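Okay, so here's the structure we're looking at.
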Amino acid sequence: MNGPSAPLLWHRPMVAADLPAVMALETVAYSFPWTQGNFVDSLAAGYLAWVRHDAERRLLAYCVAQPGFEETHLLNLTVAPVRQRQGHGRALLLALADWARARGDAALWLEVRQSNAAGRALYTATGFTDMGLRRAYYPAPRQQREDAVVMRLALRPPLPGDGH
């Protein structure tokens, strides 16, 4: 895709110096954004965190994922609202799946707001399946709560006794 007329796009590990730009995007993208402390804690814990830039070093998207035992849990995947539906979320998601597969993970897990039709469509198109609901998982307007759809991407066939 990166031919002579295509823009140069890449992702790299998120570092503390990225947090002002990440927070600016987070607060534009969500009514209930993560706090800077959530990102600081994720980086300190050694979670996988990537930022995606264009050739002018503009932040297009980022993700944070928690590696676990034979699985990874996607905690945050955000694309700048003006850059959505241009393949940036898909690129990070596929790179994350490749990273988790290389670790030997059996699955990649996530929660997504039940009302997030665009996010659910992206996850379904990349092979995730609905596994259930977490009731009242997300904050919602007027001190309400919204259900999360739990989704799973199988990264390898189940092994005997795997339980997945």
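None of the values given here were measured: they were computed from a predicted structure. Numbers here are sequence positions counted from 1.
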Study note, to complete from the structure: Sequence neighbours excluded, the answer for side-chain contact (heavy atoms from CB on, under 4.5 Å) partners of Leu25 is Leu59, Tyr62, Thr78, Ala80, Pro81
**Study point:** Euclidean distance, Leu60 CG relative to Gln86 CD, rounded to 0.5 Å
**Key:** 8.0 Å
Check your understanding: Applying side-chain hydrogen bond (donor to acceptor under 3.5 Å, both in side chains), which residue pairs with at least one partner in residues 40-50 are found, sequence neighbours left out?
Key -> Tyr47-Gln66
**Study point:** Residue pair Thr124, Met151: steps toward the side chain to side chain contact (heavy atoms under 4.5 Å, CB included) verdict
**Key:** CA-CA 9 Å; Thr124 298; Met151 302 185 80; 3.6 Å; yes
Exercise for review: Indicate yes or no: at least one non-hydrogen side-chain atom of Tyr137 is less than 4.5 angstrom from one of Arg145.
Suggested key: no
Review point. So, for His11 and Ala95, which heavy atoms are closest and what is the spacing to 0.1 Å?
Key: CE1-CB, 3.6 Å
Practice item. Check which hydrophobic residues are tied to Phe32 through side-chain heavy-atom contacts below 4.5 Å, counting indirect links as well, and list them. Key: none
**Study point:** hydrophobic_cluster_shared for Leu75 and Leu96, side chain cutoff 4.5 Å
**Key:** no
Check your understanding: Got Glu71 and Arg152 here, is their nearest side-chain heavy-atom distance under 4.5 Å?
Key -> no
Review point. Is the shortest heavy-atom distance from the side chain of Asn38 to the side chain of Val64 under 4.5 Å?
Key: no
Practice item. Using the rule that two of Ile, Leu, Val, Met, Phe, Trp, Tyr join whenever any of their side-chain heavy atoms come within less than 4.5 Å, decide whether Trp109 and Leu133 are in one cluster. Key: no
Study note, to complete from the structure: With sequence neighbours left out, the residues meeting side-chain contact (heavy atoms from CB on, under 4.5 Å) with Ala97 are Arg101, Leu108, Leu153, Leu155
Practice item. Kindly check if the number of other-residue, nucleotide or ligand heavy atoms within 6.0 Å of CZ (Arg135) is above 12? Key: no
Review point. Do Glu26 and Asn76 come close enough that some side-chain heavy atom pair is under 4.5 Å?
Key: yes
Review point. Listed by chain and number, what are the side-chain contact (heavy atoms from CB on, under 4.5 Å) partners of Ala16, not counting sequence neighbours?
Key: none
Review point. Leu122 and Leu77: side chain to side chain contact (heavy atoms under 4.5 Å, CB included), yes or no, with the steps?
Key: CA-CA 11 Å; Leu122 169 64; Leu77 174 65; 4.3 Å; yes
Review point. Of all residues at least two apart in sequence or in a different chain, which pass the side-chain contact (heavy atoms from CB on, under 4.5 Å) check with Tyr138?
Key: Glu111, Arg113, Glu146, Ala148
Revision key, fill the gap. Between Ala61 and Leu92 the two heavy atoms that sit nearest each other are CB-CD1, 3.7 Å
Check your understanding: Within a reach of under 6.0 Å around CZ of Arg85, are more than 12 heavy atoms found that belong to other residues, nucleotides or ligands?
Key -> no
Exercise for review: Of all the heavy-atom pairs spanning Asp147 and Ala136, show the shortest one and how long it is.
Suggested key: OD1-N, 2.8 Å
**Study point:** Met23 versus Trp34, closest heavy-atom pair with distance
**Key:** CE-O, 3.4 Å
Check your understanding: Cluster question for you: counting only ILVMFWY and a side-chain heavy-atom cut-off of under 4.5 Å, with indirect links fine, are Leu48 and Tyr123 together?
Key -> yes
Revision key, fill the gap. Of all heavy-atom pairs linking Met14 and Cys63, the shortest is CE-O, 4.4 Å
**Study point:** Minimum heavy-atom distance Ala100-Thr72, with the two atoms named
**Key:** CB-OG1, 3.9 Å
Exercise for review: Find out if a path of hydrophobic residues (ILVMFWY) with successive side-chain heavy-atom gaps under 4.5 Å connects Val51 to Val40.
Suggested key: yes
Check your understanding: Of His88, Arg90, Arg52, which is the lone residue that meets side chain to side chain contact (heavy atoms under 4.5 Å, CB included) with Val79?
Key -> His88
Review point. Quick one: does Val149's side chain get under 4.5 Å of Asn116's, heavy atoms only?
Key: no
